[in-house]
Engineer: 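My structure is below; once you've seen it, I'll send some questions.
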Amino acid sequence: MNPSGAVDLSVDLGFLKLKNPVLAASGTFGYGLEFAPFLDPARLGGFVVKGLYFDPRPGNPPPRLTETPSGLVNAVGLQGVGVAAFCEQSLPRLRGLDTAVIVNVCGRDTEEYVCVVEYLDGHEGIDAYELNISCPNVKAGGACPGLSPETTREVVAAVKRRSRRPVITKLSPNAADVAGIAAAAEEAGSDAVSLVNTFLAMAVDVETRRPKVANVYGGLSGPAIRPIALRMVHQAASRVKIPVIGLGGIATASDALEFLIAGARAVQVGTAGLVDPRSALEIIDGLEDYCRRHGLDRLSDLCGTLQA
Amino acid sequence: MRLNPAAKITHKERWGDYVLLTLESPDIARVAAPGQFLMVKTAPGPRPLLRRPLSIHDRGDGSLDIFFKVAGEGTALLAQKTPAETLDILGPLGKGFDLELGAREAKKTAAPAVAVGGGRGIAPLVFLAAEMKKAGRPLKLLYGGRTLGDIPLKDRLAAAGYAPACSTDDGSFGFRGLVTDLLKSAIAEAPASAVYACGPEPMLEAAARVAAEAGLPSELSLEARMGCGFGACWGCVHRLRTNGRESWVKVCEEGPVVSGGDVVWGEGA
């Protein structure tokens, strides 16, 4: 231990330094200020703003949510305000925050991803983009680019050619070979990958025989998916050299530690924050406590130390 | 809005599937307004995962009441709680009732506002009635349910001086028929100044229509499945028409109390 007893929780992703490895996940943290009554965002490693398409997006009809054992199925449909309203109304209020601001970027086709990034590039106050390659592609019959290495490469390369900022590619767990998609993103120039997004899922009301979310299918998140997400993060981290950011059902410091030990450089907390808005802070405190108990000066020394 | 991870339960009453809990939470009680709600964790750990949205039913000295009907896994667990146990609560959340709704007109005619509660929808209207009483504004309370067992608070409300007019769909107590039919006859018999309503969606739609036909402003407390309760997840939307434009609006943030004229009915499953 160093003399002061302080633990270094910081993480250097190469393209971005974080004060700690805990980020709030896209889609569960609004546009960055919804949690302000509960936590000081400056205590977080950073946060990822809700996915933005170029134009405002109406989203799906309700019901949009249903609960399953230790899980949440959502089909919000990426309702959002679009880039112009975000840059005018939300971004100015995020600029003063002493934390990493990452914007999740969506697109109905490759051109839209590029348009969103070019628009955001014209505004200050963003540290990196997270590319949501789980968006249905209108030119590919609704298939997401993240389901195949070829389409992943196409979107990532197109965005990287134009973006002045680092790009984190957020992977779908619904691809047949997620580690292969991570490798494709790396080849196309992605600066990091984050995984996993939600698992395609459904639930049925047996009394009415109707789907429990109006969209029929939704994305499953929460503790239910954590062991599968962890396995995928381990596989991806074993395959690529770029930093891996792990997420999927993380609710406690112990959960976060599993991902870090399995090879993640940082983690994201999503669904847990909807239930307990202070959970990210409790995780950060828990990581520090873990380092003290284990005599670790630097949390980042723990990354990828799985004894397999 | 505040988090209280250990609000002590100080009192419990139960009538069949209906439960009333009094929670000690001075910080939240102090700032709560009628129509606002709490997000309540029904069990520690991940099952059930999400908090449940529950209207604030009444306010005491440093305490809050919640009143609910057992409707699923979460409320069933909540119904098993006993005094001296604690609940993890978050609140007060959302926008509540406008206590001045239609009040200017009321000053001229002394016409009361009317609050209509269907079944568990009585929950936020008792807090509303209490605050209206404090403000010196007359309020007529209508309380309906399918059958006698669905209006368990009738004696308690009568004892508290709210003189509820009751209805049951099957005629087992009070006016026979829908509580919105009772509303219709109530405002036909005596002038009213505004309509407040909480209950199942078809009841809300009928209440808004009855109010509109009588030329009265209305406010409705909408119900929605919620993920977070504070605007982050966009899960709890209802179709509303605001500034001439229809969109999916977050019930937790723009509601749960909305203007009856803004609601678009029959959209979504």
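Note that these values count all heavy atoms, side chains included, but never hydrogens, waters or copies made by symmetry. First the proteins, then the strands, lettered A, B, ... as listed; each starts at 1.
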Engineer: For Thr66(A), is it the side chain, the backbone, both or neither that has a heavy atom under 4.5 Å from a heavy atom of chain B?
Structural biologist: both

Engineer: Please classify the contact between Pro69(A) and chain B as side chain, backbone, both or neither, with a heavy-atom cut-off of under 4.5 Å.
Structural biologist: both

Engineer: Hey, which residues of residues 278-287 of chain A are touching chain B, say heavy atoms under 4.5 Å apart?
Structural biologist: Arg278(A)

Engineer: What parts of residues 66-84 of chain B touch chain A if we use heavy atoms and a cut-off under 4.5 Å?
Structural biologist: none

Engineer: Return the option, out of Asp276(A), Leu33(A), Val275(A), Thr271(A), with the maximum number of heavy-atom pairs under 4.5 Å with chain B.
Structural biologist: Val275(A)

Engineer: Under a 4.5 Å cutoff for heavy-atom pairs, which residue among Glu253(B), Arg225(B), Met226(B) has the most contacts with chain A?
Structural biologist: Arg225(B)

Engineer: With chain B as the partner chain, list the residues of residues 38-48 of chain A whose heavy atoms fall under 4.5 Å from it, by residue number, and write 'none' if nothing qualifies.
Structural biologist: Phe38(A)

Engineer: To the nearest 0.5 Å, what is the distance between CZ on Arg64(A) and SG on Cys236(B)?
Structural biologist: 8.5 Å

Engineer: Among residues 15-52 of chain B, which residues come closer than 4.5 Å to chain A, judged by heavy atom distances?
Structural biologist: Lys41(B), Pro46(B), Arg47(B), Pro48(B), Leu49(B), Leu50(B), Arg51(B), Arg52(B)

Engineer: What part of Thr28(A) is in contact with chain B, defined as an atom under 4.5 angstrom from a non-hydrogen atom: side chain, backbone, both or neither?
Structural biologist: backbone

Engineer: I'd like to verify something: which residue of Gly30(A), Ser70(A), Gly249(A) has the highest number of heavy-atom pairs under 4.5 Å with chain B?
Structural biologist: Ser70(A)

Engineer: Less than 4.5 Å to any heavy atom of chain B: does that hold for the side chain of Glu67(A), its backbone, both, or neither?
Structural biologist: side chain

